[in-house]
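Input: a single structure, listed below in structure tokens.
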Amino acid sequence: RSHQPPECHVKQPTVAAADEDQEHNHMRSRRYFGLLSVVFALELLQSPWTIAAAAQIDTQHSSMAEPSHESRTTEVVPQHQRRNMVGGYTDADISEERVVDAAQFAVSALAQKQLEEEDEEEGGERTYTFNAIRADEVNLVVLEAQKQVVAGMNYRLTIGVTDRASGECLGGFKCIVYDRFGDLSLSIWGKEVECGEVGLAIARLKDEEGDEEG
């Protein structure tokens, strides 16, 4: 008599149980991704790029706001006043004591410079074509003067040089003299001025003096 093995009955999951397991897995996935989204959002809010972007938006919003009463009523500085503000050159009186002192210093400095140039080898470059070596034998005429407030004062000058004995024009030059509270130095040697220009400038100054006296 043969013996057959007992039959094993495996319980097959029902369709309802499978659906329930699938829904449970979906819920777990949604919770996981939801938690991940929260963590990512918190990290993003704390990042330096987000903070900088927020600050920029706030700045743009502030700049678009209604201007204050002070900004709407700011006075416009006239052009002629802007030219006289600190830092720019302004016209100076050619008879002003400090202007004349600066011009005299420039002529003396030129005489010294030309004397040094004569001691150099022939063919060397000369500052100007005219000769003002004997500064005690020439007269100077300040043709134009401007000043600039710095740590002290810059004087931008146009100077004519004439022979003291004959009154003949020797030449002219432009320069900038730096006055550091009484300590003078020559900052820039400018271009040479021809005697024709010097004569015209002197004639103009005489006419202006005559108009003032009249």
Any pair with a residue in residues 184-194 that passes side chain to side chain donor-acceptor pair (under 3.5 Å), sequence neighbours left out, goes on the list, sorted by first then second residue, please.
T129-E192

L200: what forms a side-chain contact (heavy atoms from CB on, under 4.5 Å) with it, not counting sequence neighbours?
none

List the residues meeting salt bridge (Lys or Arg N to Asp or Glu O under 4.0 Å) with R134, not counting sequence neighbours, and say none if there are none.
D136, E137

With sequence neighbours left out, write down each residue that passes side chain to side chain donor-acceptor pair (under 3.5 Å) with E144, or none if nothing qualifies.
none

Residues forming a side chain to side chain donor-acceptor pair (under 3.5 Å) with Q112, sequence neighbours excluded
E116

Please list every donor-acceptor pair under 3.5 Å in which a side-chain atom of residues 149-160 meets a protein atom from a residue at least two apart or in another chain.
from, atom 1, to, atom 2, distance (Å)
N154, ND2, Q148, OE1, 3.0
R156, NE, Q146, OE1, 3.0
R156, NH2, Q146, OE1, 2.6
T158, OG1, K174, NZ, 3.0

Check side chain to side chain donor-acceptor pair (under 3.5 Å) between Y128 and all other residues, then give those that pass, not counting sequence neighbours.
none

Check whether any side-chain heavy atom of I202 lies under 4.5 Å from a side-chain heavy atom of L143, and answer yes or no.
yes

Where at least one partner belongs to residues 140-176, residue pairs that pass disulfide (SG to SG under 2.5 Å), sequence neighbours excluded
C169-C195

Hydrophobic cluster partners of F181 (side-chain heavy atoms under 4.5 Å):
none

With a 3.5 Å cut-off and sequence neighbours excluded, list the donor-acceptor pairs that the side chains of residues 96-109 form with protein atoms.
from, atom 1, to, atom 2, distance (Å)
R98, NH1, D179, OD2, 3.3
S108, OG, Q104, O, 3.1

In short, side chain to side chain donor-acceptor pair (under 3.5 Å) pairs touching residues 160-170 with sequence neighbours left out are N139-R164, D163-S166

Should side-chain heavy atoms under 4.5 Å link Ile, Leu, Val, Met, Phe, Trp and Tyr, which residues sit in the same cluster as L115?
I133

Keeping the roles fixed (side chain from Q114, backbone from N131), state whether a donor-acceptor pair exists under 3.5 Å.
no

Y178, Y89: one ILVMFWY side-chain cluster at the under-4.5 Å cut-off?
no

